[in-house]
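Structure record follows, encoded as structure tokens.
This chain uses plain numbering: 1 for the first residue, then up along the sequence. Just so it is clear, the model here is predicted, and its values are computed rather than measured.
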Amino acid sequence: PEGPPPGPESVEGIEVGQRCEVQPGARRGEVMFVGEVEGIKGGGAWVGVKFDEPVGKNDGSAKGKRYFECPDGYGSFQRPVNVQVGDFPPVDEFDFSDFFSRR
């Protein structure tokens, strides 16, 4: 993307421990980190998310540095614009209304 990387104002209102939903894909999880991540191209503010399901790309580390703990494949660093915090309970795989609302 063009322009400067997202600054601290882009993560205003996003705090560690909050539930969140990440777009695209309505992937749900918990905010585990908020801040800059060394070594990720583009710099600026990032949100570290531990997903409820194995839809991530890491284990909470980037370029050999640990930012938060989670199983491999459950973690991801996202731009704040893609993260919405709020009342996003874990996905219930047996609740079909939840399944269809995410498609």
Side-chain angles (χ1 to χ4, degrees):
E2 294 181 25
E9 71 285 348
S10 67
V11 292
E12 198 168 300
I14 301 175
E15 298 176 6
V16 171
Q18 290 180 307
R19 292 289 302 166
C20 66
E21 187 170 81
V22 177
Q23 298 298 336
R27 299 167 290 162
R28 294 182 186 174
E30 180 181 346
V31 175
M32 300 294 287
F33 171 83
V34 178
E36 293 193 24
V37 178
E38 294 177 32
I40 293 185
K41 188 176 180 178
W46 293 91
V47 179
V49 176
K50 178 176 93 174
F51 291 115
D52 297 338
E53 301 172 291
V55 294
K57 295 185 177 186
N58 62 50
D59 63 355
S61 63
K63 303 292 184 186
K65 183 175 179 182
R66 168 106 13 231
Y67 291 89
F68 62 93
E69 296 282 337
C70 73
D72 193 27
Y74 282 77
S76 181
F77 293 98
Q78 297 288 321
R79 286 298 193 189
V81 69
N82 297 333
V83 179
Q84 180 181 2
V85 295
D87 183 20
F88 296 105
V91 175
D92 181 351
E93 63 186 77
F94 298 107
D95 181 353
F96 291 107
S97 64
D98 193 39
F99 173 81
F100 291 112
S101 69
R102 295 180 69 212
R103 300 288 176 229

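In this structure Lys41 satisfies the side-chain contact (heavy atoms from CB on, under 4.5 Å) test with no other residue, sequence neighbours excluded. Checked against ring pair (Phe, Tyr, Trp, His ring centres under 6.0 Å), Tyr67 has the following partners two or more places apart in sequence or in another chain: Phe33, Phe77. Qualifying side-chain contact (heavy atoms from CB on, under 4.5 Å) partners for Glu9, counting only residues two or more places apart in sequence or in other chains: none.
By the rule that hydrophobic residues join a cluster once side-chain heavy atoms approach within less than 4.5 Å of another member, Val31 and Phe51 end up as members of one cluster. Criterion: ILVMFWY side-chain heavy atoms under 4.5 Å apart, direct or through other members. Under it, Val11 and Trp46 are not part of a common hydrophobic cluster. Val37 and Val83 fall into different hydrophobic clusters, where Ile, Leu, Val, Met, Phe, Trp and Tyr residues are linked whenever their side-chain heavy atoms come under 4.5 Å apart, directly or through other members. One hydrophobic cluster, built from ILVMFWY side chains closer than 4.5 Å, cannot hold both Val34 and Phe68; they sit in different ones.
Residues Met32 and Glu69 come closest through the heavy atom pair CE-O, 3.8 Å. When all heavy atoms of Gly43 and Pro6 are compared, the pair lying nearest together is O-CD, 4.5 Å. For Cys70 against Gly60, the heavy-atom pair with the smallest separation is SG-N, 3.9 Å.
A heavy-atom distance below 4.5 Å is found between the side chains of Val49 and Cys20. You'll find the side chain of Glu12 stays beyond 4.5 Å of the side chain of Pro80, heavy atoms only. The shortest distance between side-chain heavy atoms of Asn82 and Arg27 does not fall below 4.5 Å.
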Checklist line | side-chain contact (heavy atoms from CB on, under 4.5 Å) between Ser76 and Val22, intermediate numbers included | finding: CA-CA 10 Å; Ser76 181; Val22 177; over 6 Å; no
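In this structure, Arg79 contributes its side chain and Ala45 its backbone to a donor-acceptor pair below 3.5 Å. At least one donor-acceptor pair closer than 3.5 Å links the side chain of Arg28 to the backbone N or O of Pro89.
Taken from CD1 in Ile40 to NZ in Lys65, the straight-line distance is 11.5 Å, to the nearest 0.5 Å. For the atom pair Tyr74 OH and Asn58 CG, the distance stands at 13.5 Å (nearest 0.5 Å).
Atom CD of Gln23 is surrounded by more than 12 heavy atoms from other residues, nucleotides or ligands within 6.0 Å.
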